[in-house]
Undergrad: 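Quick one: the structure is below, and I'll ask about it shortly.
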Amino acid sequence: MVCVAALLFALFAPTKDFQLESPHVLLSFRTDQSIFPREWQTLEIDPVAEPLPVLEEGACVTAIREELRRYPTAVVEKNLKRVFIGQGLRFYGLQYGGTNSLDSLYLSLPGWHDRVLADRFLRRAFHHEFSSILLRNYATRFRQGEWESALPTGFKYSGDGAQSLREGKSSTRYEARYNRQGFLAEYSTSSLEEDFNLFAEAIFCGDPEFWRLYDTFPAIAVKADLVLALYASIDPAMDAKSLRGLAQGPLM
């Protein structure tokens, strides 16, 4: 008979970090407090990462390797050092799908029974959070004035992602009532950063539905073009033609 304690240890035992060679990024499944920046370790933020079953790690390594290939190696190595993945993440007492620090991503692989949807969630979360790092690091190249001019008259973002989570207004499902105004989903209205993030994740995941919206709603196209322009300014290999081509499957 298999010892229950031995089985639990096999499923949740500490594992080594994975140092990816090209690009050079550390992929880690550690969940202790040392993975978080010191300034996050407060009673208010109270960061918690739940361990991922060891059996899920291989699929996560594969997914992150594949998504990293959508960027030029130099862009990744200059802006990203570590990717931490857990079964769940909590900050401020709220469940998060992901977040980011100066050069690290913190991602959650949901414990859903549908592994295909969970894998898709992880991949989208990777691009969502990495886009925040790039938006910060290349802020002077982002045409923020044009972005704000493209917003509906009188519109103001509601605050931030955490506030939207608290209020239950964090749906990322595409809806026409938001699309007509230039937003992809309800969550887009949280902040400029979340708005930008949703465009970036859709583009880098090669989401065909996103490109249908791009061709249908002029307000979506205006903001998408500003996202595309930022990425092209970071590296010419990420020009609009190449990024749209991700919808057909080619990787960088």
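Remember, predicted model here, so these are calculated numbers, not experimental data. Basis for what follows: all heavy atoms, side chains included, without hydrogens, waters or symmetry-related copies.
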Undergrad: Quick check on the hydrophobic clustering: are Val25 and Leu107 connected, directly or via other members, by side-chain heavy-atom contacts under 4.5 Å?
TA: yes

Undergrad: Does Leu20 share a hydrophobic cluster with Leu80, counting links as ILVMFWY side-chain heavy atoms below 4.5 Å and allowing steps through other members?
TA: yes

Undergrad: Taking all non-hydrogen atoms of both residues, which atom of Gly97 and which atom of Ala125 are closest, and how far apart?
TA: O-CB, 4.1 Å

Undergrad: So, Tyr231 versus Phe204, ring centres under 6.0 angstrom or not?
TA: yes

Undergrad: Measuring only between side-chain heavy atoms, which start at C-beta, is Gln87 closer than 4.5 Å to Pro51?
TA: no

Undergrad: Is there a donor-acceptor pair closer than 3.5 Å between any side-chain N or O of Glu194 and the backbone N or O of Ser188?
TA: no

Undergrad: Verify the cluster assignment for Phe121 and Leu109: are they in a single hydrophobic cluster under the rule of side-chain heavy atoms below 4.5 Å apart?
TA: no

Undergrad: How long is the gap from CD on Gln95 to CG on Leu89, to the nearest 0.5 Å?
TA: 8.0 Å

Undergrad: Look at the aromatic rings of Phe142 and Phe196 and report parallel, tilted or perpendicular, splitting at 30° and 60°.
TA: perpendicular

Undergrad: Could Arg30 and Asp32 be called an ion pair, given the rule that one side-chain N must be under 4.0 Å from one carboxylate O?
TA: yes

Undergrad: Hey, are the side chains of Val83 and Phe130 touching, using non-hydrogen atoms and a 4.5 Å cut-off?
TA: no

Undergrad: To the nearest 0.5 Å, tell me how far Met238 CE sits from Arg70 CZ.
TA: 13.5 Å

Undergrad: State yes or no: do Val222 and Tyr214 share one hydrophobic cluster built from I, L, V, M, F, W and Y residues joined by side-chain heavy-atom distances below 4.5 Å, directly or via other members?
TA: no

Undergrad: Going through the checks in order, is the side chain to side chain contact (heavy atoms under 4.5 Å, CB included) test met by Arg212 and Asp215?
TA: CA-CA 5 Å; Arg212 186 191 70 77; Asp215 292 332; 6.0 Å; no

Undergrad: Looking only at heavy atoms, what is the nearest atom pair of Glu209 and Tyr174, with distance?
TA: CG-CD1, 3.6 Å

Undergrad: Salt bridge check, Arg115 against Asp119: does any charged N sit closer than 4.0 Å to a carboxylate O?
TA: no

Undergrad: Do we see a donor-acceptor contact under 3.5 Å between the side chains of Asp195 and Tyr157?
TA: yes

Undergrad: Can you name the nearest heavy-atom pair linking Ser108 to Tyr96, along with the distance?
TA: CB-O, 3.8 Å

Undergrad: Out of curiosity, Phe36 CZ to Gln41 CD, how far, rounded to the nearest 0.5 Å?
TA: 8.0 Å

Undergrad: With a 4.5 Å heavy-atom cut-off, do Leu134 and Asn79 have their side chains touching?
TA: yes

Undergrad: Identify the two heavy atoms, one from Ala185 and one from Arg173, that lie closest to each other, and give their separation to 0.1 Å.
TA: CB-O, 3.3 Å

Undergrad: With rounding to the nearest 0.5 angstrom, report the CG to CZ distance, Leu213 to Phe199.
TA: 9.0 Å

Undergrad: How long is the gap from CD on Glu148 to CD on Gln144, to the nearest 0.5 Å?
TA: 4.5 Å

Undergrad: May I ask you to decide whether Arg69 forms a salt bridge with Glu67, counting only side-chain N to carboxylate O separations under 4.0 Å?
TA: no

Undergrad: I would like to know whether Arg244 and Asp207 meet salt bridge (charged side-chain N to carboxylate O under 4.0 Å, His left out); could you show each step before the answer?
TA: CA-CA 9 Å; Arg244 183 151 190 168; Asp207 186 345; over 6 Å; no

Undergrad: Flag the pair Arg90 and Asp46 as a salt bridge only when some basic side-chain nitrogen lies within less than 4.0 angstrom of an acidic carboxylate oxygen.
TA: no

Undergrad: Please check if the distance between the ring centroids of Phe155 and Phe183 is under 6.0 Å.
TA: yes

Undergrad: Given the side-chain rings of Tyr71 and His127, with only the six-membered ring counted for Trp, is the space between their centroids under 6.0 Å?
TA: yes

Undergrad: Would you name the heavy atoms of Trp40 and Ile45 that are closest together and state the gap between them?
TA: O-CB, 3.3 Å

Undergrad: Could you walk me through whether Thr99 and Phe91 pass the side chain to side chain contact (heavy atoms under 4.5 Å, CB included) check?
TA: CA-CA 9 Å; Thr99 191; Phe91 302 93; 3.6 Å; yes

Undergrad: Salt bridge (charged side-chain N to carboxylate O under 4.0 Å, His left out) with Asp103: which residues, sequence neighbours excluded?
TA: Arg82

Undergrad: Given Asn137 and Ile234, is the side chain to side chain contact (heavy atoms under 4.5 Å, CB included) satisfied, shown in steps?
TA: CA-CA 10 Å; Asn137 291 353; Ile234 295 171; over 6 Å; no

Undergrad: Considering non-hydrogen atoms only, spot the tightest contact between Ile85 and Cys60 and give its length.
TA: CD1-CB, 3.9 Å

Undergrad: Looking at Asn100, is its backbone amide N or carbonyl O close enough to the side chain of Ser104 to form a donor-acceptor pair, meaning the two atoms are under 3.5 Å apart?
TA: no

Undergrad: Tell me yes or no: between the side chains of Tyr187 and Asn197, is some donor less than 3.5 Å from an acceptor?
TA: no

Undergrad: So if you build clusters from Ile, Leu, Val, Met, Phe, Trp, Tyr with side-chain heavy-atom gaps below 4.5 Å, do Leu105 and Phe18 land together?
TA: yes

Undergrad: Nearest 0.5 Å, please: how far is OG1 in Thr31 from CG in Leu52?
TA: 9.5 Å

Undergrad: Between Val227 and Leu230, is there a side-chain heavy-atom distance shorter than 4.5 Å?
TA: no

Undergrad: Is the side chain of Gln181 donor-acceptor paired with the backbone N or O of Arg177 at a distance under 3.5 Å, no angle test?
TA: yes

Undergrad: Taking only Lys NZ, Arg NE, NH1 and NH2, and the carboxylate oxygens of Asp or Glu, determine whether Lys223 and Glu146 approach each other closer than 4.0 Å.
TA: no

Undergrad: Start with the C-alpha distance between Arg65 and Leu68, add both sets of side-chain angles, then the distance that settles side chain to side chain contact (heavy atoms under 4.5 Å, CB included), and finish with yes or no.
TA: CA-CA 5 Å; Arg65 282 183 194 270; Leu68 283 168; 5.7 Å; no

